[in-house]
Amino acid sequence: MDVLFDILGSANFWAAAIRIATPLIFGVLGALICERAGVLNLGIEGIFVAGAMTGWLAVYLGAGLWGGVLIAAFAGALFGLLHAFLTVILGLSQHVSGIGITLLATSVSYFTYRTALPDVSSPPRIAAFQPVSIPGLSDLPFIGPALFQQTPLTFLALVFVALVALVLYRTPLGLAIRAVGDNPASVEAQGLSVVGLRVGAVVVGSALMALGGAFLTMSAFDAFFFGMVNGRGWICIALVVFASWQPGKALLGALLFGAFDAFQIRLQAQIGQVVPGQVFLMMPYLLSIVALILVARRADYPRALLQPWTKGQRH
Amino acid sequence: MTDAPVLLSLQNITKRFGALTANDGISLDLHRGEILALLGENGAGKTTLMNILFGHYVQDEGDVRVLGDGGLTALPPGSPGAALKAGIGMVHQHFTLAENLSGLANIRLGTEPLLSFGREGAARAKVQKIIAESGLDVDLDRRVADLTVGEKQRIEILKALYRDAKVLILDEPTAVLTPQEADGLFVVLRRLAANGLGVIFISHKLGEVLAVSHRILVLRGGKKAGELVTADADRRAIADLMVGKAVAAVVRTPASPGDVLLALENVSLHGASGRSLSGVDLKLRAGEVVGLAGVSGNGQSGIAGLISGLAVPTSGTMRLYGETVTRADPRALVANGVARMPEDRQHDGVVGTMSVADNIAIEEVRSAAFSKMGFLDRKAMRERATAAIAGYDVRCQGPDAEARLLSGGNVQKLILARVLERGPRVILANQPTRGLDVGAQAEVHRRILAARDRGAAVLVISEDLDELFALADRFVVVHAGELHDAGPSEGLDRGTIGLMMAGQSHARAEMAS
């Protein structure tokens with residue numbers, strides 16, 4: 001019990017939880033936008049890799065950090081465009097296309113990395129984003145170090161949570177996105193373009209996913225490794241269901257997962273001699289499955305999710 | 001009426017789908033303040049014509065002209081956006097609403113710049129003004145998923161009016177309504193027309209067309225069969241125009257009910273809403289047709305599920321020939337002489353990718369008739385299918401044709417052949433003629449009544465009251481999962497049934513007193 005309180009009581013733990021949650025926040029927001037429009041994007045795992053690689057490589061080749069972020073987002077948008085072309089315009093299976101995108105984006109990223117840097121043995125480093133201190137807020141006891149000594153990308157992720165919620169719930173565009181994921185015919189009958197909305201949502205959502213990857217190489221670490229995304233994209237797909245497709249709950253889900261992960265790292269240090277390390281590594285995933293079981297039974301899926309739309313066809 | 005300016009003019013519209021000419025040189029004018037009924041059988045070309053008008057389809061020949069600032073101007077073909085802009089509003093048979101949004105959100109959808117904060121307040125004020133003028137009363141803030149069908153329809157009409165529609169097209173608007181709700185809709189439509197709207201009302205129900213329209217255009221086989229002013233119209237004449245030939249009415253002789261073959265005793269069923277039943281009593285007697293009326297989604301699917309062997313009562317008893325049915329076992333029911341005609345015949349009645357022969361045999365593949373030593377007897381299946389195709393006039397390429405290629409009417413005849421050739425003792429006919437033309441309808445009715453006269457107990461579930469009055473010897477009405485006995489069909493009228501469908505179970509008693 002003391003161990004538990006020691007961990008939960010340290011500002012350092014909460015700072016780590018938020019840091020671990022950051023890529024998930026980007027990813028889950030991206031997946032949420034796609035799915036709200038009715039398109040499942042299983043390309044997310046590969047798009048994470050692509051974002052991580054392109055952002056890092058751009059900086060390594062001399063671009064600024066924010067330039068790298070933009071390039072990562074652009075790479076994600078391109079893969080999103082491909083997924084949208086296959087699933088929205090051609091109406092192909094979203095599962096198959098998504099997994100194809102993941103394989104393609106991952107391979108192309110590794111290939112590009114190897115081609116660009118044929119001779120390196122240990123991954124080269126870049127000068128990554130550093131934590132910024134916000135005057136006043138960062139000096140608050142406990143809350144300061146926990147919340148306000150993060151890197152800029154973490155703050156950007158939080159801004160996006162608010163932005164996505166604002167667009168989704170407060171603008172006619174959000175109305176149209178929510179409608180097209182529920183019943184494309186409703187959008188069509190009101191003179192809006194089903195294809196335009198869906199393609200746009202998938203492209204923007206995929207760009208956000210890539211930012212999740214970019215955070216890994218440009219903020220959490222300062223180099224690109226093979227296998228570094230390590231299933232984070234898949235976790236986001238589960239978190240969207242957990243979040244009932246709502247940005248606020250998506251943030252909560254990502255933070256919960258981050259907290260579990262940060263917790264297991266610390267617990268491992270404390271009682272790692274008694275319990276094998278793999279059990280700790282398993283814990284966040286196990287807990288997310290439990291959380292899903294509790295929540296997903298009542299999940300209110302966008303009704304048109306996975307359904308291709310053909311103009312003029314009866315539904 | 002003809003003094004009013006023409007709002008909309010269709011000129012020589014022709015539309016072909018391959019060899020089929022769905023619309024053949026149809027012209028019509030719609031005036032301001034007029035309700036024009038487009039009357040015709042299924043397949044007469046009504047919906048095709050309206051889909052051209054609204055830009056869902058592109059016509060092969062002809063023009064759609066709409067009154068604009070500079071007089072009548074032709075609409076660009078194939079553009080719903082242009083039709084909307086020109087002031088044409090369409091209420092589709094299948095609603096086009098996003099169910100996860102509120103009514104107001106659905107109305108606003110697509111009317112405001114996407115990248116803005118919207119104009120919810122102004123939109124609400126405008127919609128409320130329209131509601132006040134038209135009487136289309138509905139809660140704007142509830143999720144559409146939680147609205148009744150009638151309320152969803154009002155949202156659809158409001159959507160069109162909110163966009164300042166000059167012409168409102170309603171495709172089979174009463175199919176989903178109770179008679180009272182339909183009357184309410186007619187009141188609204190008359191009021192809207194009085195305020196200057198032009199309304200096109202598509203229907204295949206003669207009675208309601210006579211009740212609501214000013215002018216009637218009859219379509220038959222893709223052509224204009226006639227055009228008349230409602231006030232001078234003669235019911236019989238219109239019916240003949242519609243059908244083209246006189247269809248012999250099916251005559252129902254008095255029933256001679258025998259033993260109770262299937263009984264539900266105080267049955268409750270817990271399930272999804274629209275399926276649940278509470279305290280239902282129902283007796284189906286040999287040689288009698290019981291008609292089950294009700295607005296769809298009030299428990300019909302629960303009763304159908306019980307009799308199909310897809311569900312067993314949560315409490316209470318279901319007896320077949322006096323014996324309690326305790327397990328959900330469709331195969332045992334079929335083996336014991338229960339025939340099922342499912343509501344969604346294309347989905348639940350046939351396997352589309354299997355042949356007609358396979359579909360004929362599908363319920364009895366284990367019986368000696370269709371199998372030898374555990375293997376299918378293909379020859380016997382084909383023989384039965386060939387006989388069924390001839391005997392029931394199933395129009396198809398032959399026993400090997402895939403069932404999905406058959407039209408709805410022919411699928412229903414295939415199902416009739418499958419279930420009736422077994423000589424069933426209990427028959428469940430769920431929406432037996434939905435979507436069929438008058439000829440096929442009469443055939444199905446004749447077969448059902450013949451089965452009754454042979455001694456079968458029949459339950460007909462239908463949303464078409466005319467059909468129930470044609471078939472049923474006795475009426476029951478389901479509302480909110482409760483079943484109410486309405487008694488013998490003699491002496492019943494539509495109004496009484498309608499009130500009971502709306503939940504006033506004492507309506508009959510009041511009428512009697």
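Letters A, B, ... are given to chains in the order of the sequence lines, protein chains preceding strands, and every chain is numbered from 1. Atom set for the values below is all heavy atoms of this structure, side chains included, hydrogens, waters and symmetry mates excluded.
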Spacing of B:Asn106 atom CG and A:Leu175 atom CG [to the nearest 0.5 Å]: 7.5 Å
Close contacts, residues 207-214 of chain A versus chain B, judged by heavy atoms under 4.5 Å: none
Largest heavy-atom contact set with chain A, pairs under 4.5 Å, which of B:Ala83, B:Ala105, B:Gly81: B:Ala105
When B:Lys159, B:Glu112, B:Glu120 are compared by non-hydrogen pairs under 4.5 Å with chain A, the top option: B:Lys159
A:Phe79: partners by ring pair (Phe, Tyr, Trp, His ring centres under 6.0 Å), with sequence neighbours left out: none
Side chains of A:Gln190 and B:Arg108 in contact at under 4.5 Å (non-hydrogen atoms): no
Largest heavy-atom contact set with chain B, pairs under 4.5 Å, which of A:Pro184, A:Gly191, A:Gly174, A:Ala189: A:Ala189
Under 4.5 Å from a heavy atom of chain B, the part of A:Val187 involved: both
A:Phe155 atom CZ: more than 12 heavy-atom contacts under 6.0 Å: yes
Nearest-0.5 Å distance, CD1 of residue B:Ile155 to OG of residue A:Ser186: 13.0 Å
CG on A:Asp182 to CZ on B:Arg143, rounded to 0.5 Å: 8.0 Å
A:Arg178 versus chain B, the contacting section by heavy-atom distance below 4.5 Å: both
B:Lys85, NZ: over 12 other non-hydrogen atoms inside 6.0 angstrom: no
Part of B:Arg163 lying under 4.5 Å from any heavy atom of chain A: side chain
Closest approach of B:Pro113 to A:Pro172 (non-hydrogen atoms, all atoms of both residues): O-CG, 3.3 Å
B:Leu101 to A:Ala179 - nearest heavy-atom pair and separation: CD1-CB, 3.8 Å
Residues, nucleotides or ligands: over 12 heavy atoms within 6.0 Å of A:Tyr169 OH: yes
Nearest-0.5 Å distance that lies between atom CG in A:Leu173 and atom CG in B:Leu114: 5.5 Å
Atom pair OG1 (B:Thr96) and CD (A:Glu188), whose distance is rounded to the nearest 0.5 Å: 9.5 Å
Separation between CG of A:Asn183 and CZ of B:Phe95, rounded to the nearest 0.5 Å: 12.0 Å
